[in-house]
Number of protein chains: 2
Amino acid sequence: MNVRQKPERTRLSAEDWEDAALNLIAEQGVGALAVEALARQLGVTKGSFYWHFRTREALLQAALERWEQYGEREIINQIEALPDPRERLPELFRRVAHEVQPHRVYAALLKALDHPLVVPVMARVSKRRTEFLHVAYTEAGMEPTEALNRARLTYAAYVGFLQLNFTLGLPRLTHEEFDAYVEHMIATLIP
Amino acid sequence: MNVRQKPERTRLSAEDWEDAALNLIAEQGVGALAVEALARQLGVTKGSFYWHFRTREALLQAALERWEQYGEREIINQIEALPDPRERLPELFRRVAHEVQPHRVYAALLKALDHPLVVPVMARVSKRRTEFLHVAYTEAGMEPTEALNRARLTYAAYVGFLQLNFTLGLPRLTHEEFDAYVEHMIATLIP
DNA sequence: TTGCATCCATACGCACGAGTATGGGTTGCG
DNA sequence: CGCAACCCATACTCGTGCGTATGGATGCAA
């Protein structure tokens, strides 16, 4: 029903603008989020935009909220369904490693941590994920204090890898090398 | 009225501009690097700037080169002087953890990885440091392949920690918690 | 069909920051 | 002393991107 492709542009909704904004952020970063550029991409003009949103910041705000809520139902929920707690962490690592697309926005927002609207969102998301890791490590048999530090270390490694390999594109890893790296992470970080 | 209050220096050199640029980058990011803002901070006007540099990009380029060359003689050289290879990695971790200031520019550049001038610099610096870790892990008794992955993991953890705690300011760690985290890193990542 | 809300186009104002033109002041040196 | 080379101030131009004003087009309900 909702056939919204590039050639066939019916009327737009606020959600369409938010999705387009997230795509643009994922590809070119928060700094590249300009209303006229987005309008061109959607096949309309600024007049449309300023009917749906009061300002550019409002769009960013809405897009971030949308992304955060969408992220609620992410891999974490599937992982928690696994019966054996000891299976969860390795499985989490492997899944995260092979789901490339969802991390693009996160990597882009990581580079926009100077923007006031981005900071609280990233703080919440990162906190939530780190806490999940904390619980997972505890359930895997670690004592709480050590589990917390391990969770921080793990998440830092994730974030750093995103920056280095994703954004910086260094080093260029083949599939085999990448898989070996993931297995090395698992062997090193999971007791 | 003597308008020039802060520095005694009445005439500026290109190096003065580059240092000021690096300070501004460390505090407010690459995006905040504006010539008129810098000029105000230095107590002069644009006229001075465009005598020393042809363009804004030229200043950024020069500042990055200056930072990279300054970074050559960093902690790494001191660490290599340690006689016992097994002592080097723990000592490196502890020193890096307590030298806060030199990481500010690196953290800021991490958020500017979409800028064409920043990417090659960061690629070189990160590559150099990772290779140093690779050698260090090898000398500590690891086999080369595992040592390389461990080096990548370690450096990713460093980068991620920078982003999360430095830029995002999360979580707020006390000195004791931070030291405990560092020791946990050492125990986990160093064989 | 009429009337109203929704959605968009066109044309503008305006702030901000990069870069230019040009002249004045300062310093070193013969 | 005097003259360059050097350093900086003032006053512009110009492109870009946000936001506004206003009217036209489209869909839906009565």
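A, B, ... follow the sequence lines: proteins, then strands. Residue 1 opens every chain. Side chains included, hydrogens not; waters and symmetry mates left out as well; all remaining heavy atoms used.
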Requested in this report: Apply salt bridge (charged side-chain N to carboxylate O under 4.0 Å, His left out) to the pair B:Glu68 and B:Arg128, showing each step before the final yes or no.
Outcome: CA-CA 11 Å; B:Glu68 185 178 0; B:Arg128 197 152 43 220; 3.4 Å; yes
Atom pairs and distances, side-chain donor-acceptor, residues 89-99 of chain A, under 3.5 Å, sequence neighbours left out:
from: A:Glu91; atom 1: OE2; to: A:Arg95; atom 2: NE; distance (Å): 3.1
from: A:Arg94; atom 1: NE; to: A:Glu183; atom 2: OE2; distance (Å): 2.9
from: A:Arg94; atom 1: NH2; to: A:Glu183; atom 2: OE1; distance (Å): 3.1
from: A:Arg95; atom 1: NH1; to: A:Gln78; atom 2: OE1; distance (Å): 2.7
from: A:His98; atom 1: ND1; to: A:Arg94; atom 2: O; distance (Å): 2.8
from: A:His98; atom 1: NE2; to: A:Asp179; atom 2: OD1; distance (Å): 3.3

Requested in this report: Report the distance from atom CG of A:Leu42 to atom P of C:dA9, rounded to the nearest whole Å.
Outcome: 11 Å
**Report entry** Spacing between A:Leu59 atom CG and D:dG19 atom P, to the nearest angstrom
**Finding:** 11 Å
Query raised in the report: B:Tyr50 OH to D:dT13 C1': how many Å, rounded?
Result: 13 Å
**Report entry** Whole angstrom value for the distance that separates P of D:dC18 from CZ of A:Arg40
**Finding:** 10 Å
Query raised in the report: Rounded to the nearest Å, what distance is computed from the CG atom of residue A:Asp16 to the C1' atom of nucleotide C:dC7?
Result: 12 Å
Between the protein and nucleotides 22-26 of chain C, are there any N/O to N/O pairs under 3.5 Å, and if so, what are the atom names and distances?
none

Requested in this report: With a 4.0 Å heavy-atom cut-off, tell me which residues in residues 23-37 of chain B come close to DNA chain C, sorted by residue number.
Outcome: B:Leu33, B:Ala34, B:Val35, B:Glu36
Query - Any B:His52 side-chain N or O less than 4.0 Å from OP1/OP2 of D:dC8 - result: yes
Report task. Compute the ring centroids of B:Tyr158 and B:Tyr155, then answer whether they are less than 6.0 Å apart. Result -> yes
Query raised in the report: Toward the 5' end of DNA chain D, which comes first, B:Trp51 or A:Arg56, by nearest nucleotide?
Result: B:Trp51
**Report entry** Length of the line joining A:Leu38:CG and C:dC8:C1', which is rounded to integer Å
**Finding:** 16 Å
Query raised in the report: Salt bridge between B:Lys127 and B:Glu131, side-chain N to carboxylate O under 4.0 Å?
Result: yes
Query raised in the report: Is the A:Phe161 to A:Phe166 ring centre distance short of 6.0 Å?
Result: no
Query raised in the report: Can you tell which of C:dA11, D:dC8, C:dG19 lies closest to the side chain of A:Lys46?
Result: C:dA11
Query raised in the report: For A:Ser48 and C:dC7, is the shortest distance between a side-chain N/O and OP1 or OP2 below 4.0 Å?
Result: no
Query - Separation of atom CZ in A:Phe53 from atom P in D:dC18, rounded to whole Å - result: 14 Å
Requested in this report: Please report, rounded to the nearest Å, how far the P atom of D:dA21 is from the CZ atom of A:Phe49.
Outcome: 16 Å
Query - Salt bridge A:Glu80-A:Arg88, side-chain N to carboxylate O under 4.0 Å - result: no
Requested in this report: Side chain of A:Thr45 only, please: which of C:dC8, C:dA9, C:dT20 is the nearest?
Outcome: C:dA9
Query - Salt bridge B:Arg150-B:Glu143, side-chain N to carboxylate O under 4.0 Å - result: no
Query raised in the report: Does the pair A:Arg104/A:Glu27 count as a salt bridge with the N-to-O cut at 4.0 Å?
Result: no
Report task. Would you confirm whether A:His184, through its side chain, and B:Ala147, through its main-chain N or O, come within 3.5 Å as a donor-acceptor pair? Result -> no
